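Data block below; observations after.
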Amino acid sequence: MLQTSLSSLRTALAFLKRDFLIAASYRTAFAADALGIVFKVITFYYIGAVFGEGVAPSLKAYGHDYFAFLIIGIALLDFVHTSLDTFSVSIRDSQMTGTLEVVLLSPIQLPHMVVYSSLWPYVFTALRFLTYVGAGVVLFGLKISGFGILTALVVLLLTILCFAPLGIISAAVIMLFKKGVWFQTIINGTSVLLAGVAYPVDVLPRWASRVSYYLPLTHSVTAMRQALLNGKSPAELTTDLVPLTLFAAVLMPLSLWIFKLSVDRVKQLGTLTQY
Amino acid sequence: MSNTRQTNTGTRFAVEARALTKRYTHQRSLSDIVHGRPAAETHALKDVSLAIEEGEVFGLLGPNGSGKTTFLKLLSTILSPTSGTATIFGHDVLREPRRVRQMVALVTAEERSLYWRLTGRQNLRFFASLYGLDGQRIEAKIDELLELFMLRDASRTRVAEYSTGMRQKLAIARGLLSDPKLLFLDEPTRGLDPAAAHNLLELVKERAVEHFENTVILTTHIAREVEQLCDRIATLHRGSITYLGPVETLGRSLDVTVTYLMRVTGFNDVVAERLRARKGVVSCKCTEADGATDVELVFAPDALTLSDVLRLLLFNNVELLRCTVKERSLEETFRAVFDTPWAQPAGGAATAKS
């Protein structure tokens, strides 16, 4: 058992190293990405400055600071995008580069390959998250509560566990139908529109505000803001953490089941390596 | 080269395929749906049965689209068969795919099956990790393979900067990383010039087959490659096996005609016409030289024998000075059989088993 776990860990690290080395071989892309984030942070700051104190009453919980509200929402949204894209992108990339068959011929299973291939994108997204928050702190004095960092990590983990299954389902759809952007667009669009990423959900019409309660991202952004801006502990955030846990518990096994069905089907159709 | 060691599952076969069939169903077009036509189907493989012994170097020869790659993909668990079964060293490809994958490795002609942004060594390290290999042992193995395939000096160079031949060598080295019991070489020389292809196969023979003593299945559409490397071959034509046996007898089995070169005296147009009129004679060409006639006679061996021809010549007072069989290379035979749309290979049993 221990040996199997160690072997899996070693394989996971090999994927991480492979993707890091490939990413690092495009050196300017790193710098351009970081610079892009800094530009966005500056823009968000001045958008926040336009509103000043005249923001929605629900921002009182965050000290009427729209800049802080927005930057945490956008930085967390990055993780959602990564979760939705990374699994299908890893399959699509290895189909297009021609490495999929050779990797699949090793004892590694397709679901493991897909999960291991997502490690670097998550690490990279974490770096982007830190760049967002770091640029906010350094350039505009964004106040982050040190007490909430541990809670933020819990929220982040639950967010990934909620959205990764949707990404895995998206990968299954793409593997089967070769196109699956519509699936990501629906999930992404609904979440951004209704989950309170860029504005509080109570500015939405009543019915939309009710719908937002059933979206995992609503709970993620609320809990993340409460953790990082107000230093709340997990015990104080159970109203958001419990729904997130339930979403993850239902979606994860469901997504793995759908993925397995999809793999079996494309093996029958012989379209595994087609794109 | 063959041996018949028993594997730990009690079988002496590296591969056993029984009535393996793969049928692809095409997507229906809008017109098909409107007219209620069923989806078209392609039989990539039809009832293929064969057994390959452990330690054997086996060739699968056939033109493009004959089902060679489909067969390898079924054996390597990448595809599922429509019907039939296959075992690798006694392990079923459908029921024990993971176990099967631990024993096989695939070398494809696909140059992009390597990570071009990584160096040769980094590529080998990554693929080694997929087999749970790590540490000092794998570094020693990588060194050995880089040395064997003469890539040591290029090991720290990105694969993007390799030539096609170097990439193929690296792909073969990668295939040998996990010490596979069964190595699939899927058209490994595609894209290489003839000299480079020959050298690569020599290298495979010397370094992969003889050094590691694996069972090897080579797919190719180039007959001389199976001559160079294989003990036994199967020819595939439209998804069916049309020949299964030693390489040496393939030419005889597939050859639809036999050509005799004769030097005769007393030959004339009447005799030539009589020969041409015989059932089974494909052509009879005559040229006069130094007071004798050179006759090139092509006929179907199942319709006419050499003694029939000699009897006819004797009956017409023709004196035979010399008679030789024109040998066809395997390549020429293969081309003659598979490049002719109407030609059906001889001995055309759809299924063959050793």
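In this text, all values refer to a predicted model and were calculated from it rather than measured experimentally. In what follows, chains carry the letters A, B, and so on, assigned in the order in which the sequence lines appear, proteins first and then strands, with residues in each chain numbered from 1.
Most heavy-atom pairs under 4.5 Å with chain A, from the set B/S80, B/P97, B/S76: that is B/S80. Considering only heavy-atom pairs separated by less than 4.5 Å from chain A, the leading option among B/F184, B/Y24, B/Y131, B/W116 is B/Y131.
In this structure, chain A has a heavy atom under 4.5 Å from the backbone of B/P81, while its side chain stays farther away. Heavy-atom distances place the side chain of B/F127, and not its backbone, under 4.5 Å from chain A. For B/L79, the parts lying near chain A are the backbone and the side chain together; criterion is any non-hydrogen pair under 4.5 Å. In this structure, chain B has heavy atoms under 4.5 Å from both the backbone and the side chain of A/F15. Both the backbone and the side chain of A/V103 have a heavy atom closer than 4.5 Å to some heavy atom of chain B.
The shortest side-chain heavy-atom distance between A/T99 and B/L114 does not fall under the 4.5 Å cut-off. Side chains of B/R174 and A/V102 form a contact here, defined as non-hydrogen atoms less than 4.5 Å apart. A/S106 is not listed as a side-chain neighbour of B/Q102, based on a closest heavy-atom distance of 4.5 Å or more. A/D19 has its side chain out of reach of B/F126: every pair of non-hydrogen atoms, C-beta onward, lies at least 4.5 Å apart.
Looking only at distances, no side-chain donor or acceptor of B/R117 sits under 3.5 Å from a matching main-chain atom of A/I22. At distances below 3.5 Å, at least one donor-acceptor pair connects side-chain atoms of B/R98 with backbone N or O atoms of A/P107.
Atom CG of A/L105 is separated from atom OG1 of B/T77 by 6.0 Å, given to the nearest 0.5 angstrom. The line from OG of A/S94 to OH of B/Y115 is 6.5 Å long, rounded to the nearest 0.5 Å. In this structure, CZ in A/R10 is found 13.0 Å from CG in B/L130, a value given to the nearest 0.5 Å. Here A/R18 contributes atom CZ and B/R125 contributes atom CZ; the two are 15.5 Å apart, rounded to the nearest 0.5 Å. Between the CG atom in A/L100 and the OG atom in B/S113 there is a gap of 11.5 Å [rounded to 0.5 Å].
In this structure, A/R265 places its CZ atom where only 12 or fewer heavy-atom neighbours from other residues, nucleotides or ligands lie under 6.0 Å away. No more than 12 heavy atoms of other residues, nucleotides or ligands lie within 6.0 Å of CG in A/L150, so this atom counts as exposed by the packing criterion. Within 6.0 Å of the NZ atom in A/K17, the count of heavy atoms belonging to other residues, nucleotides or ligands does not exceed 12.
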